Protein chains: 2
Amino acid sequence: MRRDIFQAIADPTRRAIITLITLQAMTPNAIADNFHTSRQSVSKHLRILVECELVKQEQQGREIYYSLKVEKMKEIDKWMAQFRKLWETRFNQLDNVLSTIKKQKK
Amino acid sequence: MRRDIFQAIADPTRRAIITLITLQAMTPNAIADNFHTSRQSVSKHLRILVECELVKQEQQGREIYYSLKVEKMKEIDKWMAQFRKLWETRFNQLDNVLSTIKKQKK
DNA sequence: TATAAGCGCAACCGTTTGGTTTCGCAAATT
DNA sequence: AATTTGCGAAACCAAACGGTTGCGCTTATA
């Protein structure tokens with residue numbers, strides 16, 4: 001069982017759910033209404049998201065509200081940082097660098 | 001066939017490959033040497049990465065050098081932006097906001 | 001020219017995935 | 001008290017995934 005954040009955001013439905021519950025907590029039924037899928041399917045996706053701690057649930061009577069744990073998204077951002085560095089500085093003329101390296105090898 | 005960037009970076013081996021070839025182009029064999037996996041397996045991962053245009057290949061005699069297309073990584077960063085906004089401003093006291101919304105609903 | 005090396009591709013196989021259907025439980029409604 | 005509603009969990013299924021093995025092609029080396 002993989003169950004990490006990168007695997008969690010790999011599914012487009014899951015990404016849509018994440019975006020949907022970013023600003024306000026929602027119930028599985030309410031979420032499912034936004035897509036062409038069943039409540040059970042959404043429920044399964046939510047379970048995965050909860051398991052890797054990207055989403056938290058809060059019982060409210062017989063309803064369960066799901067919302068995003070924004071801080072957890074930082075872990076993806078953290079991995080992205082190494083690449084952002086590359087296009088934010090002038091080192092993004094990567095092709096030149098690579099050519100140089102290859103020539104040295106020969 | 002899913003074949004989008006998010007699905008591409010879902011696999012840990014693929015993420016490692018990406019990091020590995022960020023700074024210098026490498027051949028499948030050279031990449032495989034860095035992991036406990038075969039050349040063919042790496043080759044399959046590379047094909048997926050090439051298909052979603054995250055990686056480019058360059059023939060050099062009988063060897064093929066693979067390197068990252070850094071700009072493509074921006075697409076992930078672009079999606080992340082909506083969340084980065086949340087923890088960069090003081091709106092990251094999201095819990096309070098959510099509670100308010102829920103109370104209004106009742 | 002024969003052999004070895006580097007590679008992509010297709011076939012195959014066990015496992016995982018995403019979805020549906022069915023069930024049971026607890027909270028609301030009648 | 002009986003029924004409806006919102007939900008999670010389990011069983012099931014077709015499709016996709018990640019890996020291996022074997023093949024054939026091309027380029028380098030003997």
Side-chain angles (χ1 to χ4, degrees), chain A residues 1-21 24-67 101-103 105-106, chain B residues 1-21 24-67 101-103 105-106:
Chain A
M1 238 156 269
R2 300 238 232 74
R3 222 94 315 172
D4 73 0
I5 350 169
F6 290 96
Q7 203 267 333
I9 62 159
D11 185 88
T13 306
R14 232 132 54 203
R15 282 200 302 281
I17 291 176
I18 289 173
T19 302
L20 203 58
I21 63 174
Q24 70 177 97
M26 293 177 77
T27 65
N29 267 326
I31 294 168
D33 284 345
N34 287 273
F35 309 111
H36 303 292
T37 189
S38 66
R39 172 190 66 82
Q40 281 85 347
S41 169
V42 168
S43 221
K44 260 190 157 187
H45 284 303
L46 285 170
R47 192 155 79 97
I48 290 171
L49 293 172
V50 168
E51 268 174 26
C52 54
E53 296 175 299
L54 252 169
V55 158
K56 64 172 177 287
Q57 40 189 338
E58 223 177 319
Q59 190 104 21
Q60 195 99 26
R62 68 176 166 181
E63 295 179 332
I64 300 175
Y65 283 86
Y66 289 84
S67 59
I101 292 168
K102 258 184 285 178
K103 270 178 203 146
K105 275 196 175 174
K106 272 201 265 187
Chain B
M1 239 157 268
R2 300 239 231 73
R3 217 95 320 171
D4 73 359
I5 351 171
F6 291 96
Q7 202 268 334
I9 63 159
D11 185 88
T13 305
R14 232 130 54 201
R15 282 202 301 282
I17 290 175
I18 289 173
T19 302
L20 204 59
I21 63 174
Q24 71 177 95
M26 292 177 78
T27 65
N29 267 325
I31 295 168
D33 284 345
N34 287 273
F35 309 112
H36 303 292
T37 188
S38 66
R39 173 190 66 82
Q40 281 86 348
S41 169
V42 168
S43 221
K44 260 192 157 186
H45 284 304
L46 285 171
R47 193 154 78 97
I48 291 171
L49 294 172
V50 167
E51 268 174 26
C52 55
E53 297 175 296
L54 252 169
V55 158
K56 65 171 177 290
Q57 41 189 337
E58 223 177 320
Q59 191 104 22
Q60 195 101 26
R62 69 178 165 182
E63 295 181 331
I64 300 176
Y65 282 85
Y66 290 85
S67 59
I101 291 168
K102 257 182 286 179
K103 269 177 206 150
K105 274 196 174 171
K106 272 200 261 180

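What you see is a predicted model; the values in this text were computed from it and never measured. The chains referred to below are lettered A, B, ... by the order of the sequence lines, with proteins before strands, and numbering in each begins at 1.
Among the nucleotides C/dC7, C/dT20, D/dC7, the one closest to any side-chain atom of A/Ile64 is D/dC7. With C/dC7, D/dG8, D/dA9 as the choices, the nucleotide that has an atom nearest any side-chain atom of A/Arg47 turns out to be D/dA9.
Of all non-hydrogen atoms in A/Ile9 and A/Arg15, the two that sit nearest each other are O-NH1, 2.8 Å. Closest approach of A/Pro28 and A/Ile64 over heavy atoms only: CD-O, 3.4 Å. Nearest heavy-atom pair across B/Cys52 and B/Arg3 is CB-O, 4.0 Å.
Between B/Gln40 atom CD and C/dC12 atom C1' there is a gap of 14 Å when expressed in whole angstrom units. We find that CZ of A/Arg14 is positioned 15 Å from P of C/dT16, with the value rounded to whole Å. If you measure from atom NE2 of B/His36 to atom P of D/dT20, you get 13 Å, rounded to the nearest angstrom. Rounding to whole angstrom units, NZ of residue A/Lys44 and C1' of C/dT17 are separated by 8 Å. The separation between B/Met26 atom CE and C/dG6 atom P is 14 Å, rounded to whole Å. Taking atom CZ of B/Arg39 as the reference point, atom P of D/dG24 lies 15 Å away to the nearest angstrom. Per the geometry, CD belonging to B/Gln7 stands 9 Å off P belonging to C/dG18, to the nearest Å. When the P atom of C/dT17 is taken as reference, atom CZ of A/Arg3 falls 6 Å away, rounded to whole Å.
Between the side chain of B/Arg62 and the base of C/dA5 there is at least one donor-acceptor pair of N/O atoms closer than 3.5 Å.
Atom OG1 of B/Thr13 and atom CD1 of B/Ile18 lie 11.0 Å apart (nearest 0.5 Å).
Contact annotation: A/Asn29 side-chain N/O to D/dC7 OP1/OP2 distance is under 4.0 Å. Between A/Thr27 and D/dC7, a side-chain N or O to OP1/OP2 separation shorter than 4.0 Å is present. Close to D/dG8, at under 4.0 Å from its OP1 or OP2, lies a side-chain N or O of A/Ser43. Remark: A/Ser38 is in phosphate contact with C/dT20, judged by side-chain N or O atoms under 4.0 Å from OP1 or OP2. For B/His45 and D/dG19, the shortest distance from a side-chain N or O to OP1 or OP2 is below 4.0 Å.
Comparing B/Gln59 and A/Ala30 along DNA chain D, the residue whose closest nucleotide (by nearest heavy atom) sits nearer the 5' end is A/Ala30.
A salt bridge does not link B/Asp11 to B/Lys44: none of the charged side-chain nitrogens sits closer than 4.0 Å to a carboxylate oxygen.
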